[in-house]
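Below: the structure, in structure tokens.
Naming convention: chains lettered A, B, ... in sequence-line order (proteins, then strands); numbering from 1 in each chain.
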Protein chains: 2
Amino acid sequence: MTAIGFEKHDHSHCIADALSAAETRCKAQKLQFTPARRRVLEILLERHRAMGAYEILDILAAEGLGSQPPVAYRALDFLVKNGFAHRIERLNAYAACTHPGEQHVPAFLICRSCKAVAETETGLDSGRLGAAARDTGFVIEKVVVEAEGLCPGCAEAAA
Amino acid sequence: MTAIGFEKHDHSHCIADALSAAETRCKAQKLQFTPARRRVLEILLERHRAMGAYEILDILAAEGLGSQPPVAYRALDFLVKNGFAHRIERLNAYAACTHPGEQHVPAFLICRSCKAVAETETGLDSGRLGAAARDTGFVIEKVVVEAEGLCPGCAEAAA
DNA sequence: CATCACATGTTATAAGATAACGTTCGAGGC
DNA sequence: GCCTCGAACGTTATCTTATAACATGTGATG
Ligand SMILES: [Zn+2]
Ligand SMILES: [Zn+2]
Ligand SMILES: [Zn+2]
Ligand SMILES: [Zn+2]
């Protein structure tokens, strides 16, 4: 039982499921799901939270999968580029995507107290931002939407 | 004439206006608008774009206003905390607020080609994100909305 | 087997940010 | 006038995050 998107759930299987789904998709798209890449995704899925590159690197190093920064950054670049994980700008951290494969614009709810991160989604033309872009002629290619605040649990504890 | 929000305008006066407005507000709110803080805001207004802390520090250093990182970071912290400037997560950079004093949630349009940054605004409950937060009981305190793409000028040049 | 693309190993360094500690200086109380 | 306090500042050192650059391995293709 781990907090995911602020809800509890038994996810003894969902790591394996997500990994095998990733494996399948990599095969289909001729992407190389190498041991380091696979292990980094697995780490993100296990922890089910945002993790810094160096935090991940520490784990890889302890397991003999490499000890230099590029090892972690290369794996993360691969995962992010191919939609298996997201970078969370606000935290300089990374988290496994909760609905990989589907085309989507992720948005995050970040608890400033317990550091939990939930992924939800938004549109590329997120409300007024899209309107502003259309007004000015700006062509949006990517949108970062990250909210910071208190998750249900921490909000209750604080009240 | 400088690009502001992707439009051209003569802003020979707007720097001075913004500075005196800041001065007035600081006086009213008993905030100390010290030389370093004032100069950093002025630098951001002059350049009218997002600038890194070290880029600003270089200028301060050349002018004898201090040469160590905390000098720049302290001034920027003050400006951001009090709404005179914004931090742009995606760029690890800072920009003067284009409508200080007014309570608002800034959103940015960032040109990946020419690096221009335009500030617009959005709501705290930005569309689907707000809905997701309400569904889960998450309490949003702050929202980061940053879009990356091509400004009108660069989009045209690329077409 | 030659070649090419891609992944990896490794070293070094760049870029961004903060911790910590002492000093200065002005406003408000005595 | 003097004391005291807090906010700002000066300075040193260090920490975190990220990338440049170059050498090496390896599997697919023709
Ligand atoms: Zn996702
Ligand atoms: Zn929480
Ligand atoms: Zn603003
Ligand atoms: Zn542009």
- Query: Base, sugar-phosphate, or nothing: which does A:F78 touch, judged by heavy atoms less than 4.0 Å apart?
  - Reply: nothing

- Message: Suppose the criterion is ring pair (Phe, Tyr, Trp, His ring centres under 6.0 Å): which pairs have a residue in residues 54-75 of chain A, not counting sequence neighbours?
- Response: none

- Near-parallel close stack of A:Y54 and D:dT17 base (under 5.5 Å, under 30°): yes

- Query: Contact boundaries of DNA chain C with chain A (under 4.0 Å, heavy atoms), 5' to 3'?
  - Reply: C:dC6 to C:dT11

- What is the distance from CG of B:L60 to P of D:dA8, rounded to the nearest Å? 17 Å

- Where at least one partner belongs to residues 102-131 of chain B, residue pairs that pass ring pair (Phe, Tyr, Trp, His ring centres under 6.0 Å), sequence neighbours excluded: B:H86-B:H104, B:H86-B:F108, B:H99-B:H104

- Query: Rounded to the nearest Å, what distance is computed from the CD atom of residue A:E89 to the P atom of nucleotide D:dT17?
  - Reply: 14 Å

- Message: Assuming nearest nucleotide by heavy-atom distance, tell me which of A:A53 and B:S67 is located more 5' along DNA chain D.
- Response: B:S67

- Task: Indicate the atoms forming the closest heavy-atom contact of B:C97 with B:G83, along with that distance.
- Result: CB-O, 3.6 Å

- On a heavy-atom basis, the closest approach of B:C151 and B:C111 is N-SG, 3.5 Å

- Item | A:R38 NZ/CZ over A:F33 ring centroid, <6.0 Å and within 45° of normal | no

- Query: Would you say B:T34 reaches D:dC9's phosphate, i.e. side-chain N/O to OP1/OP2 under 4.0 Å?
  - Reply: yes

- To the nearest angstrom, the CG-C1' distance between B:L57 and D:dC9 comes to 14 Å

- Within this structure, what is the OH-to-P distance between A:Y94 and D:dT16, rounded to whole angstrom? 16 Å

- Answer with base, sugar-phosphate or nothing: what part of the nucleic acid does B:Q32 contact at a heavy-atom distance below 4.0 Å? sugar-phosphate

- Message: Can you measure A:Q68 atom CD to D:dC22 atom P for me and round it to whole angstrom units?
- Response: 18 Å

- Which sits closer to the 5' end of DNA chain C, A:N92 or A:A36, going by the nucleotide each is nearest to? A:A36

- Protein-nucleotide distance (B:R90, atom CZ; D:dT17, atom P), rounded to Å: 18 Å

- Query: Rounded to whole angstroms, how far apart are CG on B:D77 and P on D:dC9?
  - Reply: 12 Å

- Item | A:I110 to B:F138 - nearest heavy-atom pair and separation | O-CZ, 3.3 Å

- Check whether any side-chain nitrogen or oxygen of A:Y73 sits under 4.0 Å from OP1 or OP2 of D:dT19, and answer yes or no. no

- If every non-hydrogen atom of B:A75 is compared with every non-hydrogen atom of B:V40, which pair is closest and at what distance? CB-CG2, 3.7 Å

- d(CZ, A:R74; P, D:dA20) in whole Å: 11 Å

- Message: Considering every strand and a 4.0 Å limit on heavy-atom distances, what is the contact class for A:F33: base, sugar-phosphate, or nothing?
- Response: nothing

